[in-house]
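Because only heavy atoms are used, hydrogens play no part in the values below, and waters and symmetry mates are left out as well, while side chains stay in. Predicted model, so just to flag it, every value in this text is computed and none were measured.
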Amino acid sequence: MGLGKAVTDKGAIGPMRIEFIFDTVCPWCFVGLRRLERALARRPAVAAEIVWRPFLLNPDMPEDGIPRATYLERKFGGPARVARMLAGLVEAGRGEGIAFDFDAITRTPNSLHSHRLVRHAGRHGLAVQAVEAILRAYFEQGRDIGDRAVLGDIAIGIGLPREATAAFLAGTEGRSDVFMENAHTHRLSINGVPCFVFETSYGIAGAQDPDILVRMIDLVTEGRLEAPLSRAAMPALAGPGKEGC
């Protein structure tokens with residue numbers, strides 16, 4: 001089941017607001033998204049309003065990215081450690097129906113423009129499709145999602161208007177919004193992704209097992225049924241965050 005169905009089911013309880021804090025260059029975010037889909041599929045009576053929140057794992061990345069091998073070695077150490085890490089990701093992805101192809105990735109991109117595209121797509125009701133297409137393009141096809149021409153092709157593929165989207169990507173609209181949301185997320189003491197925030201009050205970090213996410217959904221649903229949830233500051237997040245590679 002995809003998130004599109006989770007958001008649009010009629011007669012469901014909700015919608016339940018779920019903020020998905022992620023970076024488009026984070027493979028664990030792709031895994032976490034699939035696990036969220038599985039959790040929501042187990043609670044068909046709960047409709048979900050997914051809010052996509054950008055998190056920049058590499059805020060100082062050059063505009064055109066850097067060679068993949070250079071990035072991995074700088075961030076994660078020698079080739080043996082990188083190989084072990086990627087093997088674990090491939091295995092986790094396989095369990096979620098994701099065909100990670102890390103060998104196809106030649107550059108680690110700057111993720112700013114891909115987050116801008118998600119925001120732009122959201123105005124057309126296509127944010128879910130944009131996130132899915134961007135993650136698949138990068139992690140399964142090795143496409144450079146920092147390249148605005150590549151993003152333009154992705155946008156057309158999900159049904160966004162060609163000329164308006166090309167003009168948007170060529171401009172600067174949305175840049176400051178992404179940076180401000182990224183800064184706000186860090187002020188909440190979120191230092192890793194993916195992270196899930198339910199109804200602004202319940203947060204959990206990491207690519208959690210669907211069983212854990214289902215328990216969170218149930219906790220929030222029970223709280224909403226018994227009494228309004230507190231709108232106070234979100235408590236400390238549970239669980240370790242995962243960093244992208």
Side-chain angles (χ1 to χ4, degrees), residues 3-4 7 17-30 32-33 49-68 70-71 74-75 105-195 197 200 241 243-245:
L3 287 177
V7 172
R17 180 185 176 93
I18 303 175
E19 296 174 63
F20 185 75
I21 301 167
F22 75 113
D23 200 352
T24 53
V25 295
C26 169
W28 284 111
C29 291
F30 202 174
L33 179 60
E49 176 195 359
I50 307 299
V51 180
W52 308 96
R53 299 293 190 201
F55 185 99
L56 302 177
L57 283 167
N58 306 299
D60 299 322
M61 179 67 66
E63 182 83 8
D64 60 350
I66 62 175
R68 178 74 167 170
T70 301
Y71 170 78
R74 286 179 184 173
K75 190 158 188 174
I105 301 173
T106 59
R107 296 188 70 77
T108 295
N110 184 312
S111 62
L112 169 64
H113 298 301
S114 58
H115 283 297
R116 290 179 61 225
L117 178 58
V118 172
R119 295 176 67 85
H120 178 70
R123 298 172 189 158
H124 297 265
L126 294 171
V128 173
Q129 292 84 346
V131 171
E132 175 77 16
I134 290 167
L135 292 174
R136 289 177 62 88
Y138 182 54
F139 288 114
E140 296 186 335
Q141 301 162 19
R143 301 177 72 186
D144 183 355
I145 59 169
D147 185 325
R148 282 181 267 193
V150 170
L151 291 173
D153 289 342
I154 292 171
I156 293 167
I158 64 171
L160 285 170
R162 181 189 299 268
E163 292 185 6
T165 301
F168 170 82
L169 288 171
T172 60
E173 183 183 349
R175 289 177 67 104
S176 60
D177 294 330
V178 172
F179 287 132
M180 283 191 296
E181 285 208 30
N182 178 64
H184 175 69
T185 299
H186 281 84
R187 286 196 296 271
L188 293 175
S189 299
I190 296 171
N191 54 21
V193 285
C195 181
V197 179
T200 75
E243 284 211 350
C245 66

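- Interatomic distance, Leu188 CG to Glu19 CD, rounded to the nearest 0.5 Å: 8.5 Å.
- Between the side chain of Asn110 and the backbone N or O of Met61 there is at least one donor-acceptor pair closer than 3.5 Å.
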**OP:** Carefully, step by step, assess Ser114 and Leu151 under the rule side chain to side chain contact (heavy atoms under 4.5 Å, CB included).
**Re:** CA-CA 7 Å; Ser114 58; Leu151 291 173; 4.1 Å; yes
Original post:
For Phe55 and Ile190, what are the C-alpha separation, side-chain angles and deciding distance, and is it a side chain to side chain contact (heavy atoms under 4.5 Å, CB included)?
Top reply: CA-CA 9 Å; Phe55 185 99; Ile190 296 171; 4.2 Å; yes
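- Side-chain atoms of Tyr138 and Pro27, non-hydrogen and from C-beta on, never get closer than 4.5 Å to each other.
- Note that the CD1 atom of Ile18 and the CD atom of Glu49 stand 9.5 Å from one another [nearest 0.5 Å].
- With hydrogens and angles disregarded, no donor-acceptor distance shorter than 3.5 Å links the side chain of Arg116 to the backbone of Gly174.
- Using a 4.5 Å heavy-atom cutoff, the side chains of Pro67 and Arg107 are in contact.
- Applying the side chain to side chain donor-acceptor pair (under 3.5 Å) criterion to Thr165, with sequence neighbours excluded, gives His120.
- Aromatic ring orientation, Phe139 versus Phe30: tilted (interplanar angle from 30° to 60°).
- For the pair Pro109 and Gly146, the tightest heavy-atom approach, listed with the atom from each and the gap, is CB-N, 3.4 Å.
- Taking every heavy atom of both residues into account, Cys29 and Pro194 meet most closely at SG-N, 3.7 Å.
- Taking the six-membered ring for Trp and the full ring otherwise, the centers of His115 and Phe179 sit at least 6.0 Å from each other.
- Residues in residues 54-66 take part in these side-chain hydrogen bond (donor to acceptor under 3.5 Å, both in side chains) pairs, two or more places apart or across chains: Asn58-Tyr71, Asn58-Lys75, Glu63-His113.
- The salt bridge (Lys or Arg N to Asp or Glu O under 4.0 Å) pairs that include a residue from residues 151-169 are Arg143-Asp153, where partners are two or more places apart or lie in different chains.
- To the nearest 0.5 Å, the span separating CD1 on Ile145 from CG on Leu135 amounts to 7.0 Å.
- In terms of the salt bridge (charged side-chain N to carboxylate O under 4.0 Å, His left out) criterion, residue partners of Arg123 (sequence neighbours excluded) are, by chain and number, Glu173.
- In this structure, Pro54 and Asn182 have side chains that are not in contact, with every pair of non-hydrogen atoms separated by 4.5 Å or more.
- Shown here are the side chain to side chain donor-acceptor pair (under 3.5 Å) partners of Arg119, two or more places apart in sequence or in another chain: Glu181.
- Atom NE2 of His184 sits in a sparse spot, with 12 or fewer heavy atoms from other residues, nucleotides or ligands closer than 6.0 Å.
- Under the rule for a side chain to side chain donor-acceptor pair (under 3.5 Å), the partners of Glu132 that lie at least two apart in sequence or sit in another chain are Arg34.
- Side-chain contact between Trp52 and Phe22: present, with at least one pair of heavy atoms (C-beta onward) separated by less than 4.5 Å.
- Residues Arg148 and Gly171 share a closest heavy-atom pair of NH1-O, 3.8 Å.
- Taking all atoms of both residues into account, the shortest heavy-atom contact from Phe20 to Ile50 is CB-CG2, 4.3 Å.
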**OP:** Check the pair Leu56, Ser111 against side chain to side chain contact (heavy atoms under 4.5 Å, CB included), reporting the backbone distance first and the verdict last.
**Re:** CA-CA 7 Å; Leu56 302 177; Ser111 62; 3.6 Å; yes
Subject >> Check against side chain to side chain contact (heavy atoms under 4.5 Å, CB included), Leu160 and Ile158 >> reply: CA-CA 6 Å; Leu160 285 170; Ile158 64 171; 4.0 Å; yes
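- Side-chain contact annotation: Arg68 with Thr108, donor-acceptor N/O pair under 3.5 Å present.
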